[in-house]
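Order of listing sets the numbers, starting from 1, for every ligand and every atom in it. Note: hydrogens, waters and symmetry copies are ignored here, and every other heavy atom, side chains too, is used.
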Amino acid sequence: MLERLPLEREVTARRWDVFCKVVDNFGDIGVCWRLARQLHDEFGIHVVLWLDDPASLARLCPDASAHARTQWLHGVTVERWDDATVVDELGEVLIEAFACSVPASVVALMRAPQATPPVWLNLEYLSAEQWVAGCHQLASPQGHGLQKFFFFPGFTAETGGLIAEREMRAARAGWGEHARAHFLDSLGVQPRAGALLTSLFAYENDALAELLDAWATGAAPMHCLVPEGRVLPQLQAWLGEAVTAGATRERGALTISVLPFVSQADYDRLLWSCDLNFVRGEDSFVRAQWARTPLVWHIYRQADGAHLEKLDAWLALYLADLPAATRAAATAFIRAWNLGQGAGAAWPAFAAALPQLRDYAGIWAERLLANGNLADNLVNFVRAKLK
Ligand code: TRH
């Protein structure tokens, strides 16, 4: 693992440009914002985060302006951009997040006769599939002598690893019962006595009603915290009433509390405070693994069904070292959640597997950390290219 060097000894580039286009939801900016901050905080790099939709950042980071053309936040410069933006200066590294195409002015700048082009990287989507290792760090010629490198985050040492800031790891390690109680209280949550405390962040999901039925009619008390978002209309339909942030309702063995959408830092704390976390997309999925608790992943749906292969690849890796019964129970439940049916029936076996999954969650997180983390691995790659 890299130690932060004093700035004068730091051999990496001083300015990096990160381009982020928000396709939908919060994952694109969620990942880029964390990475930009970590590069600044741990390596002293001046990051210019080019963001087409600052309003999405304002949801995750309350200090951000939803409209400003330029803003300085936590050491990061955030610039609004679109395809027509004229960029007249670049740093030594250029990251296109998730294959977003940079403005034509950026390509022209790199192709200018006397230009020293940056190390040009395409930061790819996260996948546990095996082909990723073979594509990680591959160069792709871009004409005029320019090259772009594919950089894949991932779960093995042959990939770029995952975002895991030093500050987050320390805060997670120090998270205890007192901090948890205080935090939940600040959200207006009084955990139901003896209940399994669960957070639920998901896309629309046809399996929600049957799962809530199973929880409400089950023997064990459940307390489910639902941040306001895409799943809320289905939750309201199941409850038979319109609820908003701050509402708490009881149905049999199940208590439901609707939460506001909180800052990214508080969302981490929410994950650390729960016994089980339902997460989605890419960034919340990774954060739940750092929470060292069992998780249920609702993967981002792709039209051709490719997401199910991605899901199975991660399940196979994540569950590989667990006993067959635990593996089967977790696979059945998480697949049912993603297929939108069967989650209610698969719940009892999954619930029985939770203690084993809980014991394993810390081992899994340590195993992931042994691969280094995305920012360290990016910096190492750039150092080698700039030598
Ligand atoms: O929001 P997501 O579904 O995001 C994405 C996008 O759809 C993107 O296009 C796709 O490529 C990607 O998934 C795979 O899920 P994700 O990635 O988990 O991002 C959610 C972010 O929102 C994450 O940074 C955590 C944050 N968050 C908060 O800050 N506060 C909250 O209250 C909640 C619920 C989430």
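Side-chain atoms of Trp297 and Asn338 include no donor-acceptor pair closer than 3.5 Å. In summary, the side chains of Tyr300 and Asp24 do present a donor paired with an acceptor at a separation below 3.5 Å, with no hydrogens or angles considered. A side-chain donor from one of Asp63 and His74 sits under 3.5 Å from a side-chain acceptor of the other. The closest side-chain donor-acceptor pair between Ser65 and Gln71, if any, does not fall under 3.5 angstrom. One side chain, Glu129 or Trp131, offers a donor N or O that lies under 3.5 Å from an acceptor on the other.
At the shortest separation from atom 23 (C) of ligand 1 among protein heavy atoms lies Asp283 OD2, 3.2 Å. Among all protein heavy atoms, the one lying closest to atom 4 (O) of ligand 1 is Gly27 N, 2.7 Å. Nearest non-hydrogen protein atom to atom 21 (C) of ligand 1 is Phe26 CB, 3.5 Å. In terms of protein heavy atoms, atom 26 (C) of ligand 1 is closest to Leu60 CD2, 3.6 Å. Atom 18 (O) of ligand 1 has its closest protein heavy atom at Ser284 OG, 2.6 Å. Protein heavy atom nearest atom 9 (O) of ligand 1, with residue, atom name and distance: Asp24 OD1, 2.5 Å. Atom 3 (O) of ligand 1 has its closest protein heavy atom at Tyr203 OH, 2.5 Å. Among protein heavy atoms, the minimum distance from atom 33 (C) of ligand 1 is reached at Phe261 CE1, 3.4 Å.
Within ligand 1, the atoms closer than 4.0 Å to a non-hydrogen atom of Gly281 are 13 (O), 14 (C), 15 (O), 17 (O), numbered from 1 in the order shown. Counting atoms of ligand 1 from 1 in the listed order, those under 4.0 Å from a heavy atom of Pro227 are 34 (C). Atoms of ligand 1 lying under 4.0 Å from any heavy atom of Glu282, numbered from 1 in the order shown and given with element: 13 (O), 14 (C), 16 (P), 17 (O), 18 (O).
For Trp33, the closest heavy-atom approach to ligand 1 does not fall below 4.0 Å.
Not a single N or O atom of Tyr300, backbone or side chain, sits closer than 3.5 Å to an N or O atom of ligand 1. For the pair Tyr267 and ligand 1, the shortest N or O to N or O distance does not fall below 3.5 Å. Considering backbone and side-chain atoms together, Gly30 places no N or O closer than 3.5 Å to any N or O of ligand 1. Below 3.5 Å of separation, one finds an N or O of Val262 facing an N or O of ligand 1. Residue Pro260 has no N or O atom closer than 3.5 Å to an N or O atom of ligand 1.
Under the 30°/60° scheme for interplanar angles, the aromatic rings of Phe350 and Phe333 are found to lie parallel.
Side-chain atoms of Thr293 and Cys274, non-hydrogen and from C-beta on, never get closer than 4.5 Å to each other.
With Asn373 as the fixed residue, the side-chain hydrogen bond (donor to acceptor under 3.5 Å, both in side chains) test singles out one of Asn371, Asp376, Asn377: Asp376.
Contacts with ligand 1 closer than 4.0 Å are made by no heavy atom of Phe98, backbone or side chain.
For the atom pair CZ (Phe261) and CZ (Phe26), the distance works out to 4.0 Å, reported to the nearest 0.5 Å.
For atom 34 (C) of ligand 1, the choice among Tyr125, Trp297, Phe201 with the nearest heavy atom turns out to be Phe201.
The two residues Ala58 and Ala64 make their nearest non-hydrogen contact at CB-O, 3.7 Å.
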Exercise. Show your working on salt bridge (charged side-chain N to carboxylate O under 4.0 Å, His left out) between Arg172 and Glu165 and close with a plain yes or no.
Key: CA-CA 11 Å; Arg172 174 66 187 96; Glu165 313 89 323; over 6 Å; no
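Within 6.0 Å of atom CD in Glu309, 12 or fewer heavy atoms from other residues, nucleotides or ligands are found, so the atom counts as exposed in its surroundings.
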